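The residues of the chain are indexed from 1 along the displayed sequence. The figures that follow rest on heavy atoms only: side chains count, while hydrogens, waters and symmetry mates do not. Small disclaimer: the values here were computed from a predicted structure and weren't measured.
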Amino acid sequence: MRSVTYSMGVSLDGYIVGPDGGFDWTPPEEEVFRFATDEVRDLGVHLLGRRLYESMLYWETADQHPSIDFSTREFAALWKQLPKVVFSSTLSTVQGRARLASGGLAEEIERLRAEPGEGGIAIGGAALAAEAAALGLIDEYRPKVYPVLVGGGTPFFPQHEHRADLELVETRTFTSGVVYLRYRVVRQTTR
């Protein structure tokens with residue numbers, strides 16, 4: 001069964017976007033960027049909320065700019081080919097290999113998990129991830145923690161009264177001070 005992961009850059013104080021709506025503190029240096037590219041390479045589909053989808057539209061045409069380097073071109077090519085499902089109540093069309101969600105989040109994930117195919121299911125965007133977490137649909141959390149305190153904004157873990165026990169399965173510290181943490185959700189088995 002395909003696993004569902006939530007992976008985003010996050011400030012040390014727990015925000016994916018600062019109080020001004022910006023995330024200029026997250027541009028990855030080359031080592032982190034290569035790591036993010038490898039994460040995308042391992043995906044089969046990416047679920048996005050409207051705001052993240054609109055932010056990521058840049059990558060649909062980034063490979064057409066002659067001045068970009070190889071790493072940026074490689075990420076853009078991978079992102080452009082990756083199937084995406086966009087959850088939005090305001091968009092009527094989407095671009096590239098994206099489609100608007102036809103059902104609720106739980107139904108979409110259930111359908112995607114049942115489909116044959118390789119690669120995981122990634123969720124991007126705090127609100128969409130919070131909904132998936134509240135429904136118990138996330139299998140792994142993969143924050144990349146940046147060495148900055150932004151003092152507020154959009155939290156990586158929005159408040160939802162749902163407990164999830166986690167098992168640390170991987171860590172990596174990059175030379176820039178960014179720390180990658182990979183936690184698997186521990187599912188309670190019934191006997």
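- In this view, T5 and S3, A122, E140, R142 satisfy the side chain to side chain contact (heavy atoms under 4.5 Å, CB included) rule, not counting sequence neighbours.
- Here A106 pairs with L135, L137 under the side chain to side chain contact (heavy atoms under 4.5 Å, CB included) rule; sequence neighbours left out.
- Legend: residues meeting ring-ring contact (aromatic ring centres under 6.0 Å, His included) with F87, ordered by chain and number and at least two apart, are absent.
- By the 4.5 Å heavy-atom criterion applied to side chains, V45 and L82 are not counted as neighbours.
- Without hydrogens or angle criteria, R97 side chain to Q81 main chain gives a donor-acceptor distance under 3.5 Å.
- Note: the hydrophobic cluster containing M8 does not contain V169 (ILVMFWY, side chain heavy atoms under 4.5 Å, direct or indirect links).
- Linking ILVMFWY side-chain heavy atoms closer than 4.5 Å, directly or via other members, places L166 and L168 in a single hydrophobic cluster.
- If you look at F33 and F75, their ring centroids are closer than 6.0 Å.
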May I have the list of side-chain donor-acceptor pairs in residues 51-61 shorter than 3.5 Å, sequence neighbours left out?
residue, atom, partner, partner atom, Å
Y53, OH, Q95, N, 2.7
E54, OE1, R50, NH1, 2.8
S55, OG, R51, O, 3.1

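- L43 has its side chain out of reach of L78: every pair of non-hydrogen atoms, C-beta onward, lies at least 4.5 Å apart.
- Taking the side-chain hydrogen bond (donor to acceptor under 3.5 Å, both in side chains) definition, one finds that R41 meets it with D38, E74, sequence neighbours left out.
- Between the side chain of E108 and the backbone N or O of S102, at least one donor-acceptor pair lies under 3.5 Å.
- Residues satisfying the side chain to side chain contact (heavy atoms under 4.5 Å, CB included) test with D20, not counting sequence neighbours, are none.
- The list of side-chain hydrogen bond (donor to acceptor under 3.5 Å, both in side chains) pairs with a residue in residues 114-125, not counting sequence neighbours, reads R111-E115.
- Residues F156 and Y15 place their aromatic rings such that the two centres sit no closer than 6.0 Å.
- Annotation: side chain to side chain contact (heavy atoms under 4.5 Å, CB included) contacts of D24 (sequence neighbours excluded): none.
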- Given Y146 and I16, is the side chain to side chain contact (heavy atoms under 4.5 Å, CB included) satisfied, shown in steps? CA-CA 10 Å; Y146 284 76; I16 61 170; over 6 Å; no

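- Under the rule for a side-chain hydrogen bond (donor to acceptor under 3.5 Å, both in side chains), T173 has no partner lying at least two apart in sequence or in another chain.
- E39 places no side-chain N or O within donor-acceptor distance of the main-chain N or O of D42, the cut-off being under 3.5 Å.
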- Between L12 and V148, does a side chain to side chain contact (heavy atoms under 4.5 Å, CB included) hold up when you go through it step by step? CA-CA 6 Å; L12 183 59; V148 62; over 6 Å; no

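- E170 pairs by the side-chain hydrogen bond (donor to acceptor under 3.5 Å, both in side chains) definition with R182, not counting sequence neighbours.
- Side-chain contact of S11 with D13: a donor-acceptor pair under 3.5 Å is present, judged by distance alone.
- Every residue was checked against the ring-ring contact (aromatic ring centres under 6.0 Å, His included) condition with Y183, not counting sequence neighbours, and none meets it.
- Separating the CG atom in L100 from the OG1 atom in T93 is a distance of 7.5 Å, to the nearest 0.5 Å.
- With sequence neighbours excluded, the residues forming a side-chain hydrogen bond (donor to acceptor under 3.5 Å, both in side chains) with E31 are T175, listed by chain and number.
- A salt bridge links R187 and D139; the closest N-O separation between the charged side-chain nitrogens and carboxylate oxygens is under 4.0 Å.
- Rounding to the nearest 0.5 angstrom, the gap separating the CD atom in E30 from the OG1 atom in T37 is 8.0 Å.
- To the nearest 0.5 Å, the span separating CD1 on I123 from OH on Y6 amounts to 9.5 Å.
- The line from CZ of R73 to CD1 of I68 is 4.0 Å long, rounded to the nearest 0.5 Å.
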